[in-house]
Every structure is written in C-alpha cells, then in structure tokens.
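Structure, as structure tokens:
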Amino acid sequence: MRIIVQKYGGTSVGDVERIKMVARKSIQALQRADGLVVVVSAMAGETNKLVDLAHQINPRADERELDMLLSTGERVTIALLAMAIQALGYQARSFTGRQVGIVTDSTYTKARIKRVECDHIMDLLRQGTIAVVAGFQGIDEKQQVTTLGRGGSDLTAVALAAALKADICEIYTDVDGVYTTDPSIEPKARRLSRISHDEMLEMASLGAKVLQARCVEFAKRHNVPLVVKSTFEEGEGTLITREDADMEQVVVAGVACSRDLARITLHEVADRPGIAARIFNAIAAKNIVVDMIIQNISEHGLTDISFTVPRSEGRRALELLAPVVEEIGAAETKLNETIARVSIVGLGIRSHQGVAAKMFEALSREGINILMISTSEIKISCVIEEAYMERAVRALHAAFELDREPTAVRARAGTAGTAR
Ligand code: ADP
Ligand code: ASP
Ligand code: MG
C-alpha cells in the first residue's frame, strides 16, 4: 500500500483561498497514493498570537496551560481543510494529535514523541478518506495535551510517515526547497537538490527553520524519505538523504543563522572542581538547553564562565542561577540578549584544512568582531553582535562561493567549468 504523508506549513494554510488550494493539492496527491495523510500547521502568525496573548496575562505562564492554548491553532486548520476537501466531493476526516495517537513525554512546550499509535486510521486510508492531522501536538501518558516545540508540525509528519511506513513524507512550504542559506537574507542563495541528514540537522539546529531539527533526526533514525517542496509552484524540491561520497567534496553546504540566543556570563567564579557541574546542573534540571560554553584561563584561582541559552529562556536561566551564584560566590552575572550566531555547515569541513581561518577572515573583512566560537566535525559557529548577523551571512555565503554550483557536483553533472 503506497502511503503519502504531506505537511503544509502556516503560510500554505494562511487564509481561506490557500486552504482551498491545499485541498486541491491533497486531492491530486490522492491520485498517486493508496492512502493520504495531510498534516497542517496553524495559520501563519496564529501560534505567535497565542503566545503573545498568554504573555499578556502572565509572562511566566504555566506551560501546561500554554500547550492547551497553543494546540488550538492547528485545530482550526484541520477542521477547515477537512471541510474544503469535502466541499470538492472527496472524503476527509480531521484528527487532533491525541486522536491520531501521538504519545509524548510530559515536557510541555517541547515534548518528545514516545510512540505513535495510529493503526486505527489505516482502514480509513484504505477507503480513500484523507486523514487531516493537526501538527505540533500530542498527548502524554496522563492524557495531558503537549506540544512538540516550535516548527513541530514537521515532526508530526515525519513521525506519522515512519509509523505508517509511508513511501514519502513531503514538506510543503513557502520556499521551493532547502537553500544554501535563508533566501530572505541572501537573494543569491541557491536551492540544493539534495542535502545529507547530518548537514540538514546542523542547519536546522543552527537556525534554518525550513525544517525542524528533531524532524530531521527522526527521519534519519527511521529511514523516512523526506523532501521539501513549495506549495505554490511545481518543482523537484530538496531531498534530505543519506550521505554519499560526492557530498564530502563540498566543503561548505550552507550558512545558517539565529537570533534565538542569549549569553550569560559569570565573572570571577572559583576555579575548582565541581563549580561548573553546579552551574550547569541547575540549568539542566529545568530542561534549558545550553549551547556554547567558554571558560577563560584562570587568574589568581578565579575564572569567567560564559554560555549561551535560547533567548526566551535567558531570564529564567538567570533566576535559576541566583542561588547557585550566591553559593559559589561569583563577583557579577551578566545577561546579553543582543547577540546572534552565524554558522557554516558542511561534511567537507571535517576533511579540509583552513576552513575556520577562511570564515574568520570573511567576518573580519566586514569588521565583525567574534564573541564566541564553537566547532564540531561538520560545523563552525561564531557568536557576534546581532546587528551584524545578516551582513555576516552574506559575507560567508560569498566567501565560500555558495551562489555557484560546487565543482564536484558540476563535474558529476558533466558540466564542469561552465559558469552559472
Ligand atoms: P512553514 O510555515 O511552512 O513551516 P517556515 O517559516 O517554518 O515555514 O520555514 C520556511 C522558511 O524558512 C522560509 O520562508 C525561509 O525564509 C526560512 N529559511 C531559513 N533558512 C532556510 C534555508 N536554508 N533554505 C530555505 N529556507 C530557509
Ligand atoms: N504552529 C506551530 C508553530 O508555529 C507549529 C508549526 O508551524 O510547525 O511553531
Ligand atoms: Mg516550519
């Protein structure tokens, strides 16, 4: 049985006309499948509006209530899309996360999927009914509504595709694939026809919101064929796929950036065993993810420790640290909420020399000061002042010649040497 799972993002269901268009596209897809599941997001901007409403009531709103609220955005679009499909004479039925069987842990606002119990929709699919599923939401073991983190409808789609052993999971959005960088920042960005799971995972984790990072991880682990396409125009899109030999020859595949971080610095803490553990245990206990950590060389037994956390959690992290700081006796604690991170990502970084130097040079030519650096096998990230983020992205895109098809790929296509 050939099952297709499609996911349409917020812009794709942003108004009634677009919902009708998605209904038509779903019906077309039904012609090439034996069963079709369509996952949808809330209308563009709706989830942000709901977050904003909650914050007007209480900036530290209870997360269970937050999830109860945020999950409503997707309820609107599933019902409307099911109605739109029915209006065209086809069968459709909407499902909330709970109804479709997405079972998660209890980490409100960023719950992890434990299992998907969706066998009960198979009969329906076999009969040609389109299952329209609310993205981004699930239910925990105690029947509480949870959400899967921002952008989480992508994960819903991939998780359902894995559970249903779908032939393909198609993510439809407002761009026609994954680009070398966010095309709204660099118009010269180039669509990639393929990208490896690991590069996509890094790109997504480092800010390329075209796919949610966890969905890429899930697709890799469960071998789900995943493609990103445009809702609004035809095209082959970008295939997220297993790594092959060609891919490592491309040093840098893309540039990602994010404003979603804040830096916390603890000045003059004692440089002795156990201090870092105390600091980071306090933060980890509340599920706050720490990204980069830097500790200076100590002087007179004292050192400075800086680290980054998601910006939305900077203040909470600072509050959590207050008793620890008192205990360990730091001289001063600072929060900087005007930083950003730019990153280069590529499988070739692990096997090519001089990549970091080239990145730092490109930033220095623009007069951009690097505040923090972190590297992994296939990425290099720099924290800089937020005001320079877009300029930095364009500079890195140019320095690594990402607007041009890489030589390795050109050669494979038999077009070596042709300028684009
Ligand atoms: P949806 O609502 O469909 O889920 P998103 O807004 O979450 O869509 O993701 C699509 C957006 O991701 C694009 O409009 C684009 O601005 C942004 N984006 C960031 N980095 C990239 C990239 N490398 N390639 C393509 N799009 C990117
Ligand atoms: N509506 C949710 C969000 O805005 C989930 C999604 O769009 O994927 O984050
Ligand atoms: Mg998205």
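Keep in mind the model is a prediction, meaning the values are calculated, not measured. Just so you know, ligand 1 is whichever comes first in the structure, and atom 1 is the first atom listed for that ligand.
In the vicinity of Val178, heavy-atom distances shorter than 4.0 Å reach the ligand 1 atoms 24 (N). Taking every non-hydrogen atom of Phe136 and a distance limit under 4.0 Å, the qualifying atoms of ligand 2 come out as 2 (C), 5 (C). Contact atoms of ligand 1 toward Ser184: 16 (O) (distance under 4.0 Å to a heavy atom of the residue). The contact set between ligand 2 and Ser41, taken as ligand atoms under 4.0 Å from a residue heavy atom, comprises 6 (C), 7 (O), 8 (O). Atoms of ligand 2 lying under 4.0 Å from any heavy atom of Gly151, numbered from 1 in the order shown and given with element: 3 (C), 5 (C), 6 (C), 8 (O), 9 (O). Below 4.0 Å from some heavy atom of Thr181 lie the following atoms of ligand 1, by number and element: 22 (C), 23 (N).
Only side-chain heavy atoms of Pro183 come within less than 4.0 Å of ligand 1; its backbone N, CA, C and O stay farther off. Within the 4.0 Å heavy-atom criterion, both parts of Ala208, backbone and side chain, lie near ligand 1. With a 4.0 Å cut-off on non-hydrogen atoms, Asp182 touches ligand 1 through its backbone as well as its side chain. The proximity of Glu74 to ligand 2, defined as any non-hydrogen pair under 4.0 Å, is limited to the side chain. Of the heavy atoms in Arg191, none comes closer than 4.0 Å to ligand 1. For Ile171, no heavy-atom contact with ligand 1 is shorter than 4.0 Å.
No more than 12 heavy-atom neighbours from other residues, nucleotides or ligands sit within 6.0 angstrom of CD on Gln353.
Residues Thr109 and Asp67 approach most closely at N-OD2, 2.7 Å, considering heavy atoms.
Look at Lys229 and Glu236 and you find no salt bridge, because none of the NZ, NE, NH1 or NH2 atoms lies under 4.0 Å from a carboxylate O. Of the charged side-chain nitrogens involved, none lies within less than 4.0 Å of a carboxylate oxygen, so that Glu366 and Arg394 do not count as a salt-bridged pair.
Between Tyr172 and Phe232, a ring centre-to-centre spacing not shorter than 6.0 Å is recorded.
By the 4.5 Å heavy-atom criterion applied to side chains, Thr180 and Asp403 are not counted as neighbours. The closest side-chain heavy-atom distance from Leu88 to Arg24 is below 4.5 Å. Contact annotation: the side chain of Val345 never approaches that of Val255 to less than 4.5 Å [non-hydrogen atoms, C-beta and beyond]. By the 4.5 Å heavy-atom criterion applied to side chains, Met200 and Val178 are counted as neighbours. When side chains are defined from C-beta on, Ile339 counts as touching Thr308, because their heavy atoms get closer than 4.5 Å. Side-chain contact check for Met122 versus Met1: some heavy-atom pair is nearer than 4.5 Å.
For atom 25 (C) of ligand 1, the nearest non-hydrogen atom of the protein is Gly177 O, 3.5 Å. With hydrogens left out, the protein atom closest to atom 9 (O) of ligand 2 is Arg150 NE, 2.7 Å, a heavy atom. Val210 N, 3.5 Å is the protein heavy atom nearest to atom 12 (O) of ligand 1. Shortest contact from atom 1 (P) of ligand 1 to any protein heavy atom: Thr173 OG1, 3.5 Å. In terms of protein heavy-atom proximity, atom 2 (O) of ligand 1 is closest to Gly10 N, 3.1 Å. Among all non-hydrogen protein atoms, the one lying nearest atom 11 (C) of ligand 1 is Asp174 OD1, 3.9 Å. The protein heavy-atom contact nearest to atom 7 (O) of ligand 1 is Lys209 O, 3.3 Å. Protein heavy atom closest to atom 23 (N) of ligand 1, with residue, atom name and distance, is Tyr179 O, 3.0 Å. From the protein, the heavy atom lying nearest to atom 6 (C) of ligand 2 is Ser153 OG, 3.3 Å.
Not a single N or O atom of Ser41, backbone or side chain, sits closer than 3.5 Å to an N or O atom of ligand 1. At under 3.5 Å, a nitrogen or oxygen of Lys7, whether backbone or side chain, sits near a nitrogen or oxygen of ligand 1. The shortest N or O to N or O distance between Ser12 and ligand 1 is not below 3.5 Å. In terms of N/O distances under 3.5 Å, ligand 1 is not approached by Asp154.
No option in Asp260, Asp291, Val290, Leu261 other than Asp260 meets the side-chain contact (heavy atoms from CB on, under 4.5 Å) test with Pro310. Among Arg194, Arg350, Lys220, the one residue that satisfies the salt bridge (Lys or Arg N to Asp or Glu O under 4.0 Å) test with Glu243 is Arg350.
A donor atom on one side chain and an acceptor atom on the other are not found under 3.5 Å apart for Gln137 and Thr146. Between the side chains of Asn336 and Thr338, at least one donor N or O lies within less than 3.5 Å of an accepting N or O.
The closest approach between any non-hydrogen atom of Gly152 and ligand 2 is below 4.0 Å.
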